[in-house]
*Asks:* 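Before we start, here is the structure in question, set down as structure tokens.
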Amino acid sequence: MDYSAQRLAPLALGTRREQGNMFLIPDREQPECEHLMKRISSVKKSKDWSYSLIMASLVGAFGSSFLYGYNLSVVNAPFPYIKTFYNDTWERRYGHSIDDSTVMLLWSVTVSIFAIGGLVGTMMVTLIGKVLGRKCMLLVNNAFAILAAVLMACSHEAGSFEILILGRFIMGIDGGIALSVLPMYLNEISPKEIRGSLGQVTAIFICIGVFAGQLLGLPEILGQESLWPYLFGVIVIPAFVQLVSLPFLPESPHYLLFEKHDRDGAEKGNISTFLGKTDVSQEIEEALAANQVQRNIRLVSVCELLTRRSARWQIITVIITMACYQLCGLNAIWFYTNSIFSTAGIPTEKIPYITLSTGGIETLASIFSGLVIERLGRRPLLIGGFVLMALFFGILTVTLTLQDKAPWIPYLSIFCILSIIASFCSGPGGIPFILTGEFFQQSQWPAAFMIAGTVNWLSNFTLGLLFPYIVEGLKTYCFLVFATICILGATYFYFVLPETKNKTYAEISQVFARRNKENLPEEKIEQAGASGQGNRKSELESSFTLDNHIQNKII
């Protein structure tokens, strides 16, 4: 094992020399390099889903992205009861009823404060993520979920809508941490061949969470005036399940090996556990070699990543992807499904059950996406999803405008809403989280996910705060705004987004290099040590070795 590491280390750490756009290996090392490359390419890539890999993804998603989805939809059913709660509290304090504009403002703050908490949670990841690691960060995050659940469940009894809003804010912190750490964790533990499918677990559990929020909000369950606080209290169940289950599952080997330099923990336990086999000697050799490379790469800060020429178009693409993910209008439907169906002319008593169908459709669509993403690829699913959303948004605008012309038109509106949800979840609903991990190497992941998370939550907040006023101003034409965003997003992805299926970071970087107007490898990492020894090495050169020796073959 030591011998293989010693062979590869000088190859990756500085014995190459530049000539034009190519790296040449000294003649004395050519046979050694060719032998090593042949040996690497002959290693069989395992596509098996080990038990630990499945459990880690399910437990991680159940206590993370599930709660995010649940909190998107859980505010729908108790909306009239929460309005009554606001009015009663206001009247008890000030001796008069609350006016409609104040109710709308409080409701918009209650909905959108979740996104502000998410932004705070995203920023916390870069501050404490390196110390705690992926798994421990998910475990600590459960404290926010439990605290938020207690506050929101007790707000009615305490007679304070401020406590409900505070609970939503803290729950947002949980969501911000979850949607940053969980995709990183899944990306690091998954083999390249199933990276897309495993990454879709995040989106699938968001959809399941939305469905669960709609189901529990039915009048026969917790959607009653006396029981609505318990809708928020049940959040403790997924948090508790993750809290007691995740400690028995391994930490990310990538994190242990490359950030904590815990070779024993990564080699002897985590790699073999996630691969589901006992003999991992070949993988350990490659991991050791890659570790020699990674030790010369430090984590990149957000400012450094934003100013790095080699990552310019990757960052722009991630920003546009996350902005379209939130601003395409799907969250508006999740937040305000009841009012949309009411506008469509659906009887009030039928709305909760029709709303439930939206959760079922999006769950099925996200599962479908997870099954076909490794065959069809990210690009066609993303572009096709946005194009279909724009089409059905246009039809929905027509049906809402003409809903009084025929009795069947409101039901066509329902079909359009279900089609919009299915189009979103079949591609745009999960792929943005996958692309963020695929566009950047591990030293850039914390900064990249913080940028993506910031855009995600700011867009979420903007939509949640402004959507009621957009509806009030544009009436049935409000969805044309979202159709326009979907068209613009699809157009950008058609001309810029490369297909990343089964590609390494180095291969993806080569595609973006032409747009970034640089030759690979060009970008240099910082000088090693204060003594000034050695030349500055290309980070992309190091990532090439890293990609070929661990990310594509081990985890």
Side-chain angles (χ1 to χ4, degrees), residues 50-71 114 117-149 170-190 195 198-206 208-209 212 235-260 262 265-266 269-270 273-274 299 430 433-434 436-437 442 445-446 448-450 452-453 456-457 555:
S50 69
Y51 174 80
S52 294
L53 193 62
I54 294 174
M55 289 303 299
S57 59
L58 294 182
V59 170
F62 184 56
S64 301
S65 58
F66 173 87
L67 289 180
Y68 170 77
Y70 182 85
N71 280 278
F114 179 70
L119 179 60
V120 173
T122 299
M123 294 179 176
M124 291 174 61
V125 171
T126 56
L127 296 177
I128 59 179
K130 181 176 175 60
V131 177
L132 295 180
R134 317 303 185 231
K135 188 182 79 170
C136 289
M137 193 74 173
L138 290 175
L139 285 172
V140 171
N141 197 31
N142 291 298
F144 292 108
I146 294 172
L147 176 60
I170 296 175
M171 197 64 231
I173 295 177
D174 174 271
I177 294 174
L179 291 191
S180 295
V181 178
L182 179 64
M184 268 195 287
Y185 183 60
L186 296 181
N187 192 69
E188 291 176 1
I189 68 176
S190 60
R195 188 175 61 206
L198 194 67
Q200 280 294 90
V201 170
T202 300
I204 291 172
F205 271 81
I206 289 177
I208 295 175
I235 291 171
V236 300
I237 297 176
F240 180 76
V241 170
Q242 187 182 80
L243 196 61
V244 299
S245 303
L246 202 58
F248 298 99
L249 294 168
E251 174 61 272
S252 161
H254 260 282
Y255 168 77
L256 291 176
L257 191 60
F258 300 141
E259 294 186 32
K260 301 300 289 184
D262 182 4
N270 296 26
T273 302
F274 281 125
L299 291 180
F433 300 102
I434 300 173
T436 304
Q442 184 170 349
W445 278 347
F449 274 99
M450 181 175 177
N456 175 45
W457 289 105
I555 47 182

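Everything numeric here is computed off the predicted structure, so don't read it as measured data.
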*Asks:* Pair Val125, Phe449 - check side-chain contact (heavy atoms from CB on, under 4.5 Å), show working.
*Replies:* CA-CA 9 Å; Val125 171; Phe449 274 99; over 6 Å; no
*Asks:* Using 0.5 Å steps for rounding, measure from the CZ atom of Phe144 to the CG atom of Leu67.
*Replies:*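 One finds 13.5 Å between CZ of Phe144 and CG of Leu67.
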*Asks:* Main chain of Leu138, side chain of Asn142: is a donor-acceptor contact present, judged purely on distance under 3.5 Å?
*Replies:*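 A pair under 3.5 Å: yes.
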*Asks:* Just how far is it from atom CD1 of Ile146 to atom CD1 of Ile237, taken to the nearest 0.5 Å?
*Replies:*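 Ile146 CD1 to Ile237 CD1: 11.5 Å, rounded to 0.5 Å.
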*Asks:* Please round to the nearest 0.5 Å and tell me the distance separating atom CG of Leu132 and atom CD1 of Ile177.
*Replies:*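 Interatomic distance, Leu132 CG to Ile177 CD1, rounded to 0.5 Å: 9.5 Å.
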*Asks:* What do the steps show when you test Leu186 against Leu182 for side-chain contact (heavy atoms from CB on, under 4.5 Å), and what is the final call?
*Replies:* CA-CA 6 Å; Leu186 296 181; Leu182 179 64; 4.0 Å; yes
*Asks:* Taking all heavy atoms of Ala178 and all of Ser64, pick out the closest pair and write down the distance.
*Replies:* CB-CB, 3.5 Å
*Asks:* Using the ring of each side chain (for Trp, its six-membered ring), is Tyr70 parallel, tilted or perpendicular to Phe66, with breaks at 30° and 60°?
*Replies:* parallel
*Asks:* Working to the nearest 0.5 Å, report the span between CZ of Phe433 and CE of Met184.
*Replies:* 12.5 Å
*Asks:* Grab the two heavy atoms, one from Gly453 and one from Thr122, that are nearest each other, plus how far apart they are.
*Replies:*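 Looking at all heavy atoms of both residues, the shortest contact is CA-CG2, 3.7 Å.
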*Asks:* For Ala149, which residues count as a side-chain contact (heavy atoms from CB on, under 4.5 Å) partner, sequence neighbours excluded?
*Replies:*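 With neighbours one apart ignored, the set is Ile235, Val236.
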*Asks:* Which atom pair, heavy atoms only, marks the closest approach of Gln242 to Leu139?
*Replies:*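 Closest approach of Gln242 to Leu139, heavy atoms only: O-CD2, 3.7 Å.
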*Asks:* Between CE of Met124 and OG of Ser180, what distance do you get to the nearest 0.5 Å?
*Replies:*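 Going from CE on Met124 over to OG on Ser180, the span is 11.0 Å.
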*Asks:* So which heavy atom on Tyr68 is nearest to which on Trp457, and how close?
*Replies:* CE1-CH2, 3.3 Å
*Asks:* Using only atom types and a distance under 3.5 Å, with no angle test, would you say the side chain of Ser57 pairs donor to acceptor with the backbone of Ile54?
*Replies:*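 Side chain of Ser57 to backbone of Ile54: a pair is present.
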*Asks:* Calculate, to the nearest 0.5 Å, the distance between atoms CE and CD1 belonging to Met123 and Ile173 respectively.
*Replies:*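 One gets 12.0 Å once the value is rounded to the nearest 0.5 Å.
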*Asks:* Take Met171 and Phe114 through the side-chain contact (heavy atoms from CB on, under 4.5 Å) test and state the conclusion after the steps.
*Replies:* CA-CA 7 Å; Met171 197 64 231; Phe114 179 70; 4.0 Å; yes
*Asks:* Step by step, work out the side-chain contact (heavy atoms from CB on, under 4.5 Å) result for Phe205 and Leu58.
*Replies:* CA-CA 9 Å; Phe205 271 81; Leu58 294 182; 3.7 Å; yes
*Asks:* Where do Leu179 and Ser65 come nearest, in terms of heavy atoms and distance?
*Replies:*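 Of all heavy-atom pairs spanning Leu179 and Ser65, the closest is CD2-CB, 4.3 Å.
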